[in-house]
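The figures that follow rest on heavy atoms only: side chains count, while hydrogens, waters and symmetry mates do not.
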Protein chains: 4
Amino acid sequence: MIVVSTKRVSARGRAAAPESGNGGSERRAELLAIAADLFATSGFQGTTVREIADTAGILSGSLYHHFDSKDSMVDEILREFLEYQQKAYDDVLRDSPDARTAIAELVRCSFRAIHRYRAAVAIFQNESGYLTRFERFDYLRKASADIERTWKRVLEDGRRAGVFRSDLNIKLAYRFIRDTVWTAVHWYNPRGRMTAGVIAEQYIRFLCDGIMAPGQE
Amino acid sequence: MIVVSTKRVSARGRAAAPESGNGGSERRAELLAIAADLFATSGFQGTTVREIADTAGILSGSLYHHFDSKDSMVDEILREFLEYQQKAYDDVLRDSPDARTAIAELVRCSFRAIHRYRAAVAIFQNESGYLTRFERFDYLRKASADIERTWKRVLEDGRRAGVFRSDLNIKLAYRFIRDTVWTAVHWYNPRGRMTAGVIAEQYIRFLCDGIMAPGQE
Amino acid sequence: MIVVSTKRVSARGRAAAPESGNGGSERRAELLAIAADLFATSGFQGTTVREIADTAGILSGSLYHHFDSKDSMVDEILREFLEYQQKAYDDVLRDSPDARTAIAELVRCSFRAIHRYRAAVAIFQNESGYLTRFERFDYLRKASADIERTWKRVLEDGRRAGVFRSDLNIKLAYRFIRDTVWTAVHWYNPRGRMTAGVIAEQYIRFLCDGIMAPGQE
Amino acid sequence: MIVVSTKRVSARGRAAAPESGNGGSERRAELLAIAADLFATSGFQGTTVREIADTAGILSGSLYHHFDSKDSMVDEILREFLEYQQKAYDDVLRDSPDARTAIAELVRCSFRAIHRYRAAVAIFQNESGYLTRFERFDYLRKASADIERTWKRVLEDGRRAGVFRSDLNIKLAYRFIRDTVWTAVHWYNPRGRMTAGVIAEQYIRFLCDGIMAPGQE
DNA sequence: GATGAATGAGGGTTCATTCAT
DNA sequence: TATGAATGAACCCTCATTCAT
């Protein structure tokens, strides 16, 4: 019998290449989608490998033909999202003519991610704290830092250029925006009447102009 | 000092009163504080009863002299906070002369809660989804609805009175505010330079006026 | 071979079907027999899941691959026996030409059960009181009532027909017989010289004629 | 401070003399009665020390001022009953003019015990098997043997004297009688219409003459 | 006599994971 | 690829018992 993959990996070690070279198989993708939804809904720790398997209609042991471990599953889910997200943010930075546009584009782009990678975004929000306890997920910290840098750069540029208030507390503004935008993933309904795009526009308005009526102050 | 709720019976295991235990003792309060911190930091499921006991310097079994169960602990932690919070919100509604003031007071009052009940607020944010799976924690849903009603009433009043923009989407505005305010609990540092009060004022400013410089639009 | 009952849901913990497990496997039957013996010998509460597993040569956790819980094990053990027993009693009622024959057949049939389902009979005797505290085991009460009805019907028929003494206290006679017959399970030795059949005949004689020598009174 | 009693006793050791010399205090007797009832109803293992204490209105730790251990409680309960019972049986043996009378008296005397020491009798029936695993309760085996010897002697005498059937299987007859008589403790109701005395007479009739109508056979 | 806090061993159960088939 | 049986560690909780106050 020819041994193809090794997948030894003492728990929480690095990701041993799953089955035959890459993550291509469709079954894999299905399983990953199922896992992502469950992780997003019930939490990573709150989801058992058996639940994933049950939902997929197989036995829990069979999942290990596709993935090394539960950790590998989140890992893959998160990496895919983060790769997309970093590229998207970079594009915004490159293409925006001014800070006003850039901020708006970052918001739009974030809501697009919420739409496309809903489960992954939720997991990133909820489980980063837990996962970064393990070396394997150190990259989550780096990803957060990258995201933070992107937003702060735009905010600083805008303040310097007189687009944003001169007394703007960058750190606080960043947190304000980040929290309200990303937390939206928890209630966003992809099949609801409010599309991600519509919500994004409203949020941009909130962020830029606040909620007061003109003339009120 | 707030009077705790204590063992209201109901699902997830009969709540047999632990021997002699009651709501009074100081030890109880200590243990509860330890548990709250751990739940906030590591999640409810991510915290083991042994960890709580270890941190308290006793054996895990000894915890059950004071509490019926792990569930009872979160229950008590959450009830204390919610009781405080509901009263605080009611006071704001009663005492605010206009919507502008009311919104500002709600924000201040929320940040005071974040300061005083940091762990409980974090738990309420993070674990409501999980806990409301169990009958015993149905009241969390009700509490969320109460909070929502409070904010929305103020927003509607303000819009009607012409204080807030006439095209304000109440539902969306509520979520925008709620998410950014309450999520702050995750990074708020009670010993940091930015006090809860200072953050509150800045957030009020963001919410009311946005981040744009005057004249920009 | 009797078809087992298997996980009918109901109280005392949700009965989540163990992975893949079903009513068919031989391993299951082995494990059930081991558990039954231990429950009969040491009591249900007096038997630990670890003891069952040790006796079976596996780890305690592995039992849960086959059964939902300790409760499920007794449940299955008892249901199999009761199903058999009810059918057997019904057959006697249907086939007996007169009360004398019927009583004798009921005794024989009970001793056959003691022989075939020794452990289950002992558990039914010893643990019904404890188990019926839980909703899940309500059916034990019903089973007892069915058995009682069967015997009493025969006793009443016989008294009416003049086969049994006209002053026979049915209720007391039933208890007298039931207690002496079923309690025999505690000392009956399936490999002893006295077979179940022999004991049954002697017991029939005791019941019908007493122990006095003819002419004595 | 004057140390009066030692009560060290490594678990399941011999009974260290309880408090100041004897078992006289009334509180003791109350507590013992409570424990006996619970042991009889819920089993020895099925009764927790805390339940006993709760029923008595004290904390579980406080029980240990009266008794060395849970074991000591059953021990005392059983010893009192057995002492009474042995004396009673001896009296019967001494005073009965013939086997017929002796058997009847043994039955009456057993039902008197069931009435007076109901809980103890039930415990002796149900828990002997478990308790005799421990050295401390070896005397239970001896007590059973004594009881057996008493009955068998009467049965043998009666058979030899032609009072009982000449083909009587002594061993089986003993078990038949013992089981039916002692098991009655499980349903006997001291406040019911059927007094222990009445039941005894009926049982004597069953034992001696059986249930058949005269002339039937 | 009683309390209240704690111990320490053990109970039933869960769950990620392994592996022969 | 999947199954089914098993592992082993950990989890929440129980309970008899101890002991300072």
Side-chain angles (χ1 to χ4, degrees), chain A residues 7-12 19 25 27 45 47-53 56-71, chain B residues 12-13 16 18-22 25 27-28 31 45 47-53 56-71, chain C residues 13 16 18-22 25 27-28 31 45 47-53 56-71 73, chain D residues 7-12 19 25 27-28 45 47-53 56-71 73:
Chain A
K7 92 189 57 140
R8 200 85 351 121
V9 191
S10 59
R12 231 131 222 168
E19 214 70 24
S25 114
R27 191 74 175 118
Q45 295 175 90
T47 303
T48 70
V49 166
R50 218 179 116 176
E51 274 165 2
I52 301 171
I58 58 178
L59 289 178
S60 65
S62 306
L63 274 179
Y64 289 81
H65 285 284
H66 302 276
F67 306 97
D68 299 323
S69 66
K70 198 185 172 191
D71 283 19
Chain B
R12 198 106 123 92
E19 213 170 4
S20 88
N22 57 44
S25 108
R27 193 72 175 115
R28 241 183 116 74
L31 296 171
Q45 295 176 92
T47 303
T48 72
V49 166
R50 266 179 189 88
E51 275 166 359
I52 301 171
I58 57 178
L59 289 177
S60 68
S62 304
L63 276 179
Y64 291 82
H65 181 66
H66 302 276
F67 306 97
D68 298 324
S69 65
K70 198 185 172 192
D71 284 19
Chain C
E19 214 171 5
S20 88
N22 57 44
S25 109
R27 191 71 174 117
R28 240 183 117 74
L31 295 172
Q45 294 176 91
T47 303
T48 72
V49 165
R50 272 174 185 90
E51 276 166 0
I52 301 172
I58 58 178
L59 288 177
S60 67
S62 304
L63 276 178
Y64 290 81
H65 182 67
H66 302 276
F67 306 98
D68 298 324
S69 65
K70 198 185 172 192
D71 283 19
M73 295 186 218
Chain D
K7 97 189 51 141
R8 202 82 354 118
V9 193
S10 61
R12 230 131 222 166
E19 215 67 26
S25 115
R27 191 73 175 119
R28 254 185 101 75
Q45 294 175 93
T47 303
T48 69
V49 166
R50 218 180 116 174
E51 276 165 0
I52 301 171
I58 58 178
L59 290 177
S60 64
S62 306
L63 274 179
Y64 289 81
H65 285 283
H66 302 276
F67 307 96
D68 299 324
S69 65
K70 198 184 172 190
D71 284 18
M73 295 186 221

Exercise for review: Work out which heavy atom in C:His66 is nearest to a heavy atom in C:Leu31; give both atom names and the distance.
Suggested key: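 In this case the closest contact between C:His66 and C:Leu31 is CD2-CD1, 3.4 Å.
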Point to revise | DNA chain E: 5'-proximal contact among C:Val49 and A:Lys70 (nearest heavy atom) | key: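 Nearest nucleotide further toward 5': that of C:Val49.
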Spacing of [X] atom [atom1] relative to [N] atom [atom2], expressed in whole Å:
X: C:Met73; N: E:dG11; atom1: CE; atom2: P; answer: 14 Å
X: C:Arg50; N: E:dT13; atom1: CZ; atom2: P; answer: 11 Å
X: D:Phe67; N: F:dA16; atom1: CZ; atom2: P; answer: 15 Å
X: C:Arg28; N: F:dG4; atom1: CZ; atom2: P; answer: 13 Å
X: D:Gln45; N: F:dT14; atom1: CD; atom2: P; answer: 18 Å

Check your understanding: Taking atom CG of A:Leu63 and atom NZ of A:Lys70, what is their separation to the nearest 0.5 Å?
Key ->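 Interatomic distance, A:Leu63 CG to A:Lys70 NZ, rounded to 0.5 Å: 11.5 Å.
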Check your understanding: So does A:Tyr64 get a side-chain nitrogen or oxygen closer than 4.0 Å to the phosphate oxygens (OP1/OP2) of E:dT18?
Key ->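 For E:dT18, OP1/OP2 do not have a side-chain N/O of A:Tyr64 under 4.0 Å.
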Check your understanding: When the C1' atoms of F:dT21 and E:dG1 are considered, how many whole Å apart are they?
Key ->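 It works out to 13 Å between them.
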Practice item. Identify, with sequence neighbours excluded, every residue that meets side-chain contact (heavy atoms from CB on, under 4.5 Å) alongside B:Ser60. Key: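 Result, side-chain contact (heavy atoms from CB on, under 4.5 Å) vs B:Ser60: B:Val49, B:Arg50, B:Ala53.
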Would you list the protein and nucleotides 6-9 of chain F atom pairs, both N or O, that sit under 3.5 Å from each other?
| residue | atom | partner | partner atom | Å |
| --- | --- | --- | --- | --- |
| F:dA6 | OP1 | C:Arg27 | NE | 2.8 |
| F:dA6 | OP1 | C:Arg27 | NH2 | 3.3 |
| F:dA6 | OP2 | C:His66 | NE2 | 2.9 |
| F:dT7 | OP2 | C:Leu59 | N | 2.8 |
| F:dT7 | OP2 | C:Ser62 | OG | 3.1 |

Exercise for review: With the side chain counted from C-beta on, respond yes when C:Ile58 and C:Arg27 share a heavy-atom pair under 4.5 Å apart, and no when they do not.
Suggested key: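 A side-chain contact exists here, since the closest heavy-atom pair is under 4.5 Å.
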Point to revise | Stems where DNA chain E pairs, listed by first number, each of three or more Watson-Crick or G-U pairs under 3.5 Å | key: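 If one scans DNA chain E for consecutive Watson-Crick or G-U pairs, the stems found are E:2-21 with F:2-21.
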